[in-house]
Amino acid sequence: MSNKYVEKGLRAPVNLTWEVSLACNLRCTTCLSSSGEPAHGELSTAEALALVEQVHQARVFQINFGGGEPFMRPDFEEILSACHTRGIMTCISTNGTLIDAERVARLSASKGLVAIQVSLDGARPETCDAIRGKGVFNRAIEAVKLLAATSIPTSINTVLTTQNASEIPAMYELARSLGVSLRVSRFRPSGRGADNWEELRPTPTQLIEFSDWLAQSGDVRTGDSFFSLTSQERQGLGLNLCGAAKLTCCVGPTGNMYPCAFLQTDRFLAGSLRERSFQQIWDDSEIYDSFRSLRIHSCEECTRFDQCHGGCPAVAYHLKNDINGGDPECLERCVTSIADTARSAAAA
Amino acid sequence: MAAAGIALHPACRVRREGFGLLFYDLRGPRLLFAETGDLIPVDFFGTVRGRDELPEGVSDRQKTVLQKFISQLLAKGFLREQ
């Protein structure tokens with residue numbers, strides 16, 4: 001990763017996370033945005049299509065659609081089509097329950113411009129459904145099977161929690177057996193995930209075990225989720241620093257822009273698309289400037305600093321209310337935590 | 001027989017940045033930061049080009065650099081032969 005170019009600031013994000021709606025037909029316990037009912041004042045179809053044109057003019061390469069459940073928006077395929085007409089690549093994060101053969105046939109017509117991630121949070125129905133709701137495992141698997149029969153790049157996306165950590169290798173085998181790839185995302189304490197954080201957060205031991213497994217599983221994708229945990233060898237596959245406001249940014253359902261999907265709070269509001277253009281907010285936002293110049297000085301003496309640069313500011317903010325404090329769940333701190341626990345047990 | 005043409009791979013995109021060109025490959029996804037300055041315009045990759053075709057007005061030294069650069073783009077899969 002060429003950090004020197006990224007830290008100077010690109011003319012536009014490489015990709016945009018667009019949470020098109022808060023509406024969702026599920027109530028997953030790990031949901032980063034407490035989705036359920038649509039947000040008041042979500043972007044209209046005309047506003048959404050205007051944003052697609054602005055993103056195109058800015059030459060953003062890819063839009064990652066999430067929510068909420070994107071397919072809950074009746075006009076979502078129209079928005080998608082507007083992206084594809086302009087050559088914008090798209091990736092849809094979906095719970096899979098609204099995907100049927102007819103929709104898959106329409107998506108297949110996008111000629112290589114769409115990829116789909118279906119959320120599945122366990123290799124067994126009991127594990128997944130405890131997080132995502134009764135019957136969701138089977139419905140998601142049916143969606144994956146429909147997609148796997150097409151040329152649409154499809155992956156299973158799993159949020160790592162203490163409940164499913166032991167099933168990750170089985171998730172990998174399940175994905176392989178279905179002919180799709182596995183992507184593992186980090187559980188973060190935002191949205192409904194904050195409410196269930198203590199119950200669902202992976203333990204330091206589980207995080208280290210996952211890190212070791214990830215080092216041996218080069219074809220598992222993590223995006224930028226686990227750069228604070230990944231081995232040096234894996235760094236070549238992805239980022240070694242937070243991409244918020246440097247490579248990526250987030251548009252919320254009502255047109256507010258944030259550094260990333262996990263920091264959709266007033267404190268991190270970069271601007272509203274109802275008041276300023278996408279390019280103006282990207283270029284001039286003080287919040288984005290602050291992320292581009294963010295340096296986690298407290299981590300600079302760490303031997304792993306070159307590998308993670310302080311980790312995820314969103315986790316640091318949600319757990320410590322301090323984006324400058326370093327990632328509380330980085331690999332180094334996991335090791336320290338386990339050692340402290342062992343020392344305490346020995347002393348007791 | 002005409003020389004093979006080259007073009008941006010359908011899964012790839014390129015845009016202008018301050019340092020030169022930024023390539024993106026959806027298949028990784030992966031990025032390539034090419035410190036080309038003003039040597040090669042982004043429009044150059046908008047159409048199918050001849051294998052040895054280069055922007056007009058470049059010096060012999062620049063030609064050598066650009067030919068090597070295009071070979072690297074081909075090897076990395078950002079460009080493909082048509």
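Bear in mind the structure is a predicted one, so any value in this text is a computation, not a measurement. Convention: sequence-line order gives letters A, B, ...; per-chain numbering from 1.
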J.: Determine whether B:R30 and B:R27 make a side-chain contact, defined as any pair of heavy atoms from C-beta on separated by less than 4.5 Å.
T.: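 SC-SC contact between B:R30 and B:R27 confirmed.
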
J.: May I ask you to check if A:R59 and A:W282 form a cation-pi contact, with NZ or CZ under 6.0 angstrom from the six-membered ring centre and within 45° of the axis?
T.: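 No, cation not above the ring by the 6.0 Å, 45° rule.
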
J.: To check you understand the geometry: which heavy-atom pair defines the closest contact between A:L10 and B:F33, and what is its length?
T.: CD2-CE2, 4.3 Å

J.: Answer with yes or no whether the side chains of A:D219 and A:Y172 bring together a donor and an acceptor at under 3.5 Å.
T.: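 Checked: A:Y172/A:D219 side chains pair up, N/O donor to acceptor below 3.5 Å.
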
J.: Does anything in residues 7-24 of chain B get under 4.5 Å of chain A by heavy atoms, and if so which residues?
T.: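 Hits under 4.5 Å: B:P10, B:A11, B:C12, B:R13, B:V14, B:R15, B:R16, B:E17, B:G18, B:F19, B:L22, B:Y24.
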
J.: Between the side chains of A:D284 and A:Q280, is a donor N or O closer than 3.5 angstrom to an acceptor N or O?
T.: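 Note: A:D284 and A:Q280 side chains miss the donor-acceptor criterion.
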
J.: Short question: side chain of A:S285, backbone of A:I287 - any donor-acceptor pair under 3.5 Å?
T.: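 Yes, A:S285 side chain to A:I287 backbone: donor-acceptor pair under 3.5 Å.
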
J.: Could you name the residues of residues 69-82 of chain B that have a heavy atom within less than 4.5 Å of a heavy atom in chain A?
T.: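 Against chain A, none of the residues of residues 69-82 of chain B fall inside the cut-off of heavy atoms under 4.5 Å.
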
J.: Would you mind telling me which of A:G9, A:A115, A:A12, A:G112 has the largest number of heavy-atom pairs within less than 4.5 Å of chain B?
T.: A:A12

J.: How long is the gap from CD1 on A:I156 to CG on A:L174, to the nearest 0.5 Å?
T.: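 Answer rounded to 0.5 Å: 4.5 Å.
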
J.: Which residues satisfy the side-chain contact (heavy atoms from CB on, under 4.5 Å) test with A:N95, sequence neighbours excluded?
T.: A:C24, A:N25, A:L26, A:E69, A:T97, A:R132

J.: So does B:G50 get a backbone contact from the side chain of B:E53, meaning a donor-acceptor N/O pair under 3.5 Å?
T.: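 Confirmed, B:E53 side chain pairs with B:G50 backbone.
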
J.: What residues, two or more places apart in sequence or in another chain, satisfy side-chain contact (heavy atoms from CB on, under 4.5 Å) together with A:S81?
T.: A:T85

